[in-house]
Amino acid sequence: MGEGHPECPARLDAIEDRLLVTGVGDALQRREPTPASLDEIELAHGRMHVAALRGLSAQLREDMQAGGPAHVQIDPDTALNVHTWDAALRAAGAALDATDAVLAGELENAFCAVRPPGHHACRDKAMGFCFFNNVAIAAKYALERHGLQRVAIVDFDVHHGNGTEDIVAGDERILMVSFFQHPFYPEGGARSSAANLVNVPVPAYTRGMAVRELIELMWLPRLEAHRPEMIFISAGFDAHRDDDLGQMGLVEQDYTWITSRIKDVARRFAKGRIVSCLEGGYNLDALARSVEAHVRVLADL
Ligand SMILES: [Zn+2]
């Protein structure tokens with residue numbers, strides 16, 4: 001995204017380092033993704049959006065060879081470089097490969113440590129550090145290509161997953177549950193009305209105990225009623241107390257608790273099937289500790 005941008009490669013390095021020093025990484029099976037195909041991306045995105053990003057990417061490459069700048073700005077927060085297109089296809093591809101592996105019974109669940117994130121990417125618009133909506137693409141893929149009837153998307157990033165909502169609102173096969181700081185970027189969310197969305201806006205400085213109560217009251221009954229055959233997680237860790245991009249007060253133990261509740265639902269209705277994809281989380285230490293907490297629950301460590 002450019003120098004000094006919070007959505008930076010160091011995020012994945014911090015996660016890798018943490019999994020290494022804690023020994024958690026030793027217990028995991030690692031896989032490298034194959035890039036998603038354009039057909040797969042278009043399960044959740046309009047053909048014009050995909051073509052426009054591809055065109056921008058090709059144009060940037062040409063301009064750079066002629067001595068031009070290394071980035072194209074898509075919005076004030078979001079820039080594309082010459083590697084973005086490939087990275088975005090691999091990020092979505094990771095979610096799809098994970099979905100295949102989990103549905104084949106090779107893995108009970110998977111965590112995709114991917115960049116760029118996806119949950120702000122709308123059907124026809126890249127924004128908020130996101131280009132393709134990894135989780136929405138994977139959810140549609142599970143329905144369309146694997147023939148599942150019902151899936152759930154759980155989004156615990158501090159920001160509202162407006163892109164996911166844009167793609168899944170009104171699709172009764174998908175139940176989306178989320179909480180997010182409100183009012184806050186990217187606005188919206190609080191007034192959404194589609195029956196398959198459970199949006200829980202919370203004010204700045206809300207702490208973990210209050211969030212847990214809201215999850216018990218608002219998410220769990222709806223998840224149980226929906227009986228998802230598979231659960232996708234937009235795993236953003238920027239609601240952490242130490243994260244400066246949000247003003248909420250979650251800590252690692254809250255991510256342990258939330259992940260455990262999601263896993264309970266998955267065990268009851270979905271044979272434990274979960275595919276979790278990294279979204280936000282910008283304080284490197286807090287991000288690494290929170291991912292460790294999340295992965296420990298997923299891996300039963
Ligand atoms: Zn976020």
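Hydrogens, waters and symmetry mates are skipped; everything else that's a heavy atom, side chains included, is used.
Proximity of a side-chain donor or acceptor of N133 to a complementary backbone N or O of G118 within less than 3.5 Å is detected. Side-chain atoms of N196 come within 3.5 Å of backbone atoms of G170 as a donor-acceptor pair (strictly under, hydrogens ignored). Side-chain atoms of N162 never come within 3.5 Å of backbone atoms of G188 as a donor-acceptor pair (strictly under, hydrogens ignored). No donor-acceptor pair under 3.5 Å is formed between the side chain of N109 and the backbone N or O of R273. Formation of a donor-acceptor pair under 3.5 Å by the E279 side chain with backbone atoms of H119 is found in this model. Side-chain atoms of H5 come within 3.5 Å of backbone atoms of D77 as a donor-acceptor pair (strictly under, hydrogens ignored). Side-chain N or O atoms of S260 include one that pairs as donor or acceptor with a backbone N or O of T256 at under 3.5 Å. With hydrogens and angles ignored, the 3.5 Å screen pairs a side-chain donor or acceptor of D97 with a backbone N or O of T34. Using a distance-only test at 3.5 Å, with no hydrogens or angles considered, a donor-acceptor pair links the side chain of R11 to the main chain of G281. Between the side chain of Y185 and the backbone N or O of G128, at least one donor-acceptor pair lies under 3.5 Å.
Residue pairs meeting the salt bridge (charged side-chain N to carboxylate O under 4.0 Å, His left out) criterion with at least one member in residues 165-176, sequence neighbours excluded: K140-D171, E144-R173, D171-R173.
Between G280 and D238 the shortest heavy-atom distance is CA-OD2, 3.7 Å. Nearest heavy-atom pair across A235 and F111 is CB-CE1, 4.4 Å.
By the 30° and 60° cut-offs, the orientation of the rings of H45 relative to F132 is tilted.
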**Item:** side chain to side chain donor-acceptor pair (under 3.5 Å) assessment of H294 paired with E252
**Value:** CA-CA 8 Å; H294 179 60; E252 294 88 297; over 6 Å; no

**Asked** Is there a salt bridge (charged side-chain N to carboxylate O under 4.0 Å, His left out) between R289 and D242 once you walk through the steps?
**Response** CA-CA 11 Å; R289 295 195 309 270; D242 297 341; 3.3 Å; yes

**Item:** H182 vs H160, ring-ring contact (aromatic ring centres under 6.0 Å, His included): CA-CA, chis, key distance, verdict
**Value:** CA-CA 8 Å; H182 180 82; H160 173 232; 8.7 Å; no

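Salt-bridge check for E16 with R30: passed, with a basic side-chain N closer than 4.0 Å to an acidic carboxylate O. Between D300 and K263 there is a salt bridge, since a side-chain N of the basic residue sits under 4.0 Å from a carboxylate O of the acidic one. Using a 4.0 Å cut-off between a side-chain N of Lys or Arg and a carboxylate O of Asp or Glu, E7 and R115 qualify as a salt bridge.
No side-chain heavy atom of N283 sits less than 4.5 Å from a side-chain heavy atom of D244. The shortest distance between side-chain heavy atoms of E106 and V102 does not fall below 4.5 Å. Between R222 and L175, some side-chain heavy-atom pair lies under the 4.5 Å cut-off.
For T99, the side-chain contact (heavy atoms from CB on, under 4.5 Å) partners at least two apart in sequence or on another chain are L103, A138, Y141, A142, H146, M230, F232, V275. Partners of R150 under the salt bridge (Lys or Arg N to Asp or Glu O under 4.0 Å) rule, at least two apart in sequence or in another chain, do not exist in this structure.
Shown are F179, W219, Y255; of these, the ring-ring contact (aromatic ring centres under 6.0 Å, His included) with F156 is made only by Y255. Partner of D254 under the salt bridge (Lys or Arg N to Asp or Glu O under 4.0 Å) criterion, chosen from R207, R212, R261: R212. If you run side chain to side chain contact (heavy atoms under 4.5 Å, CB included) between F237 and each of D243, L278, D157, only L278 comes through.
Side-chain contact, Q149 with E229: no donor N or O sits under 3.5 Å from an acceptor N or O. Side-chain N/O atoms of Q29 and R31 include a donor and acceptor closer than 3.5 Å.
Tracing side-chain contacts under 4.5 Å through hydrophobic residues (I, L, V, M, F, W, Y), one never reaches Y282 starting from I15; they form parts of separate clusters. In terms of hydrophobic clustering, with Ile, Leu, Val, Met, Phe, Trp and Tyr side chains grouped at heavy-atom distances under 4.5 Å, V114 and I231 are assigned to different clusters. The hydrophobic cluster containing L80 also contains W85, counting ILVMFWY residues as joined when their side-chain heavy atoms lie under 4.5 angstrom apart, directly or transitively.
Here M209 contributes atom CE and L214 contributes atom CG; the two are 13.0 Å apart, rounded to the nearest 0.5 Å.
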